[in-house]
Amino acid sequence: MFKTFTVALGAATLLAGAAQAADLSGAGATFPAPVYAKWAETYKAQTGVGLNYQAIGSGGGIKQIKAKTVDFGASDKPLKYEDLLAAGLYQFPTVIGGVVPIMNLPGVKPGAVKLTGDLLAKIYLGQITRWNDPAIKAVNGGLPLPNLPITVVHRSDGSGTSFIFTSYLAAKNGDWAAKVGASDSVQWPTGLGGKGNDGVSAFVKQTLGSIGYVEYAYAKQNNAVFASMQNKAGKFVLPAAANFAAAAAGAAWGKSAGNYVLLIDQPGATTWPISGATFILLYREQENAAAGQGVLKFFDWAYKSGDADAAKLDYVPLPLAVKNIMRKQWATIIKSGGKPVYVSK
Amino acid sequence: MTALAVSETSIKPRNAWGETLFRAACFSAATLLMAALAGVVISLVIGGWPAFKTFGFGFFTSSEWNPVTEVYGAAGPIVGTLITAFLSLVVALPLALGVAVFLVEFCPKPIANPIGVAVELLAGIPSIVYGMWGLFVFAPWFAQHVQLPLVMNAEPGSWMDKLFSGVPNGANIFTASMILAIMILPYMSAVFRELFMTVPAQVREAAYGLGCTPFEVIRSIIVPYVSKGVIGVIMLGLGRALGETMAVTFIIGNAHGFPHSIFDSGSTIASTIANEFTEATGEMHTAALVALGLVLFLITFAVLAVARLLLRGQKH
């Protein structure tokens with residue numbers, strides 16, 4: 001009796017030890033890396049399970065998960081449903097970010113200049129070249145706009161930010177969709193490229209009459225002069241956390257196959273039109289049930305307890321309804337040997 | 001006597017064994033290097049093959065670089081790489097020569113060493129620091145005090161207008177070349193200094209004895225004496241300028257396609273790879289970037305080969 005008990009106890013400790021020692025590994029997008037690191041730190045303190053996340057870029061994340069060298073991949077750009085199925089992958093969103101047009105105009109306050117998606121596309125196409133263009137004046141009422149040439153600044157490095165931004169321009173302007181398209185890096189018709197958010201921001205700061213686009217967190221922390229954007233409802237809105245969350249709340253998560261959701265020009269009176277979620281990629285069929293379970297447990301915990309950390313770092317947490325849709329999907333989609341690895345609570 | 005003989009025989013085999021080991025270690029070190037080099041070339045060729053196969057010779061002549069339609073041509077980055085490297089050399093060469101000549105010929109002993117050390121310290125600054133300094137300090141200063149006056153004084157349509165046109169914010173091919181020049185300067189001047197010191201004192205003294213001025217000594221004695229070495233130094237500087245990545249990426253403006261003036265934004269091979277490799281998801285995009293890597297390798301190899309050719313036969 002005592003013997004079997006000790007054996008059972010020994011096996012239990014061994015199992016527990018194995019479960020604790022198995023740190024999670026992930027690789028990919030750089031945009032959410034700070035919040036994943038913060039979550040990992042808190043999660044490790046609470047559960048003893050660590051996360052080794054390598055911020056190598058979305059492209060690298062997709063390659064690594066396909067090569068099965070990591071438990072999960074991360075990408076700022078959702079994969080199309082058919083690509084997901086072809087690779088046997090599943091994706092879900094974690095946090096939301098917004099892309100904000102910033103500019104350098106003398107005497108202009110943040111949010112004072114109003115822009116529409118069509119205007120922004122025409123500026124980036126090089127069709128509107130001066131700030132006092134009648135088309136810009138038309139939406140800006142009496143705001144005095146200088147007769148300054150517009151210098152376009154874009155990201156030089158491939159980036160999820162550029163993907164969201166060019167997707168928005170392509171959605172709002174047929175010319176952009178036909179001539180340039182939407183991708184991490186595109187053939188920019190005009191302007192100069194800065195490396196990273198700080199590169200774009202530096203060029204905008206240094207060039208009178210310039211316009212660029214950066215991550216919301218970056219615009220906020222640098223007190224950049226941003227533009228108000230017209231959303232689908234026709235209202236001009238400011239970039240703010242609540243307005244990005246509104247975009248996620250309005251999106252058709254449950255109905256989009258494979259969670260391929262771009263938070264571009266979503267409905268809602270306060271919705272910021274240029275937002276996007278960042279995604280986690282993992283296999284539908286988990287070879288190692290414990291690893292798959294570990295990943296889902298981590299993100300379940302992050303959904304439940306990670307919002308404050310995310311908000312502190314200027315990321316926008318997902319609305320609760322979206323999180324619950326994802327939890328339901330996990331329970332039915334992610335399996336190991338035919339059995340679901342995540343049990344919805 | 002016998003004791004000595006015994007000890008000799010007992011030592012000999014151990015020595016021989018050590019020699020063999022030493023030789024094998026040296027051999028494997030050298031072959032490992034060759035294998036690594038061959039591996040790099042082979043993997044670059046394999047990785048870039050899809051791009052070469054799809055675009056053929058057009059990969060080298062087209063300046064279309066479009067990740068959306070998956071059409072890639074490397075002419076823009078290749079031209080940008082060559083222009084920045086040569087422009088930086090044109091600026092750095094006279095400066096490096098000047099520094100070296102001053103240190104060897106004119107500089108009072110007590111300050112020669114501090115200056116020499118300072119020049120070598122310049123070489124130790126990480127390239128990203130040059131990049132950030134270039135972006136935040138040099139580019140804005142250059143835009144305001146050099147580029148704007150030039151652009152504003154250029155008559156529309158004149159050669160000046162064509163040469164200097166561009167967005168006046170200092171992120172262009174010219175400023176990138178200046179940063180590169182500062183980066184290759186310490187290497188070049190350090191080697192020049194060593195070269196000049198190889199000129200025998202008698203030769204130098206004899207020239208002075210004949211009544212030569214310092215300038216004549218340098219022009220007619222020292223530079224010809226080390227002329228082949230000078231070519232080697234130039235090639236080394238060029239090789240480094242060709243491959244420099246981070247500093248250039250920050251400041252060149254990163255526009256694909258041919259630059260239209262020296263104040264226009266451009267890109268180099270290294271900056272394009274650094275910018276796009278992390279997020280290159282398409283097969284062809286990755287292949288095109290790897291192919292770019294191979295092109296840079298070939299350019300650098302050509303430069304080194306020319307340097308070897310020119311150095312051949314140099315005795316001192």
Side-chain angles (χ1 to χ4, degrees), chain A residues 28-31 55-63 66 75-77 79 83 104 149-163 166 170 177-196 198-210, chain B residues 63-73 76 128 131-132 134-144 147-148 166-172 245-257 259 263-267 271-283 285-286 289:
Chain A
T30 46
F31 157 65
I56 55 173
S58 299
I62 295 169
K63 277 175 201 138
K66 281 187 176 166
S75 172
D76 285 337
K77 176 177 160 180
L79 295 187
D83 295 337
N104 180 346
I150 303 178
T151 301
V152 167
V153 183
H154 53 77
R155 287 282 290 267
S156 65
D157 45 338
S159 137
T161 311
S162 293
F163 171 72
T166 52
K179 283 186 192 155
V180 185
S183 182
D184 300 345
S185 45
V186 298
Q187 184 155 5
W188 297 96
T190 181
L192 72 163
K195 182 157 171 54
D198 45 353
V200 169
S201 155
F203 283 149
V204 170
K205 262 186 207 153
Q206 290 160 14
T207 316
L208 207 60
S210 59
Chain B
S63 65
E64 166 113 1
W65 184 274
N66 192 335
V68 178
T69 53
E70 298 252 287
V71 174
Y72 300 100
I128 184 114
M132 287 162 69
L135 177 62
F136 291 114
V137 182
F138 183 61
W141 177 88
F142 181 84
Q144 208 174 358
Q147 198 175 357
L148 262 180
V167 181
N169 72 351
N172 54 47
T245 309
M246 226 48 207
V248 174
T249 307
F250 267 78
I251 204 176
I252 198 165
N254 298 301
H256 289 298
F263 286 171
D264 200 3
S265 305
S267 61
S271 75
T272 303
I273 298 176
N275 271 322
E276 299 189 7
F277 199 75
T278 45
E279 302 282 333
T281 38
E283 297 289 323
H285 197 178
T286 314
L289 291 172

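Every chain is numbered from 1, with letters handed out A, B, ... down the list of sequences.
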Item to complete: Evaluate whether atom CZ of B:F277 has more than 12 neighbouring non-hydrogen atoms of other residues, nucleotides or ligands under 6.0 angstrom away.
Response: no
Practice prompt. Determine the option with the most heavy-atom pairs under 4.5 angstrom with chain B, choosing from A:G28, A:G158, A:A182, A:G60.
Written response: A:G158
Discussion item. I need the residue from A:T190, A:L208, A:T30, A:L192 with the largest number of non-hydrogen atom pairs under 4.5 Å to chain B.
Written reply: A:L192
Discussion item. Looking at chain A, which one of B:A139, B:P140, B:S267, B:G170 has the largest number of heavy-atom pairs inside 4.5 Å, strictly under?
Written reply: B:P140
Worksheet item: So what's closer than 4.5 Å to chain B heavy atoms on A:V153: side chain, backbone, both or neither?
Response: neither
Worksheet item: Of the backbone (N, CA, C, O) and the side chain (C-beta and beyond), which part of A:T151 lies under 4.5 Å from a heavy atom of chain B, both, or neither?
Response: side chain
Worksheet item: Of the backbone (N, CA, C, O) and the side chain (C-beta and beyond), which part of A:S159 lies under 4.5 Å from a heavy atom of chain B, both, or neither?
Response: backbone
Worksheet item: Can you say whether B:S271 sits under 4.5 Å from chain A via the side chain, the backbone, both, or neither, judging by heavy atoms?
Response: neither
Worksheet entry | A:D157 (side chain) donor-acceptor with B:N275 (main chain) under 3.5 angstrom | no
Practice prompt. Examine distances only and state if a side-chain atom of A:Q206 and a backbone atom of B:A171 form a donor-acceptor pair shorter than 3.5 Å.
Written response: no
Discussion item. Quick one, B:T286 and A:K63 - any side-chain contact, counting heavy atoms below 4.5 Å?
Written reply: yes
Discussion item. Is A:I56 in contact with chain B via its backbone, its side chain, both, or neither, using a 4.5 Å heavy-atom distance?
Written reply: backbone
Discussion item. Which heavy atom of B:F250 sits nearest to which heavy atom of A:F203, and what is that distance?
Written reply: O-CZ, 3.7 Å
Practice prompt. Answer yes or no: is there a side-chain heavy-atom contact under 4.5 Å between B:E276 and A:S156?
Written response: no
Item to complete: For residues B:V68 and A:S183, report the shortest heavy-atom separation together with the two atoms involved.
Response: CG2-CB, 3.6 Å
Fill in: A:G191 to B:A255 - nearest heavy-atom pair and separation
O-CB, 4.3 Å
Practice prompt. Measure distances from B:E64 to the heavy atoms of chain A and classify the residue's part below 4.5 Å as side chain, backbone, both or neither.
Written response: both
Fill in: Which atoms of B:A143 approach chain A - backbone, side chain, both or neither, heavy atom under 4.5 Å
neither
Fill in: Heavy-atom contact with chain B under 4.5 Å, split by part of A:K77
side chain
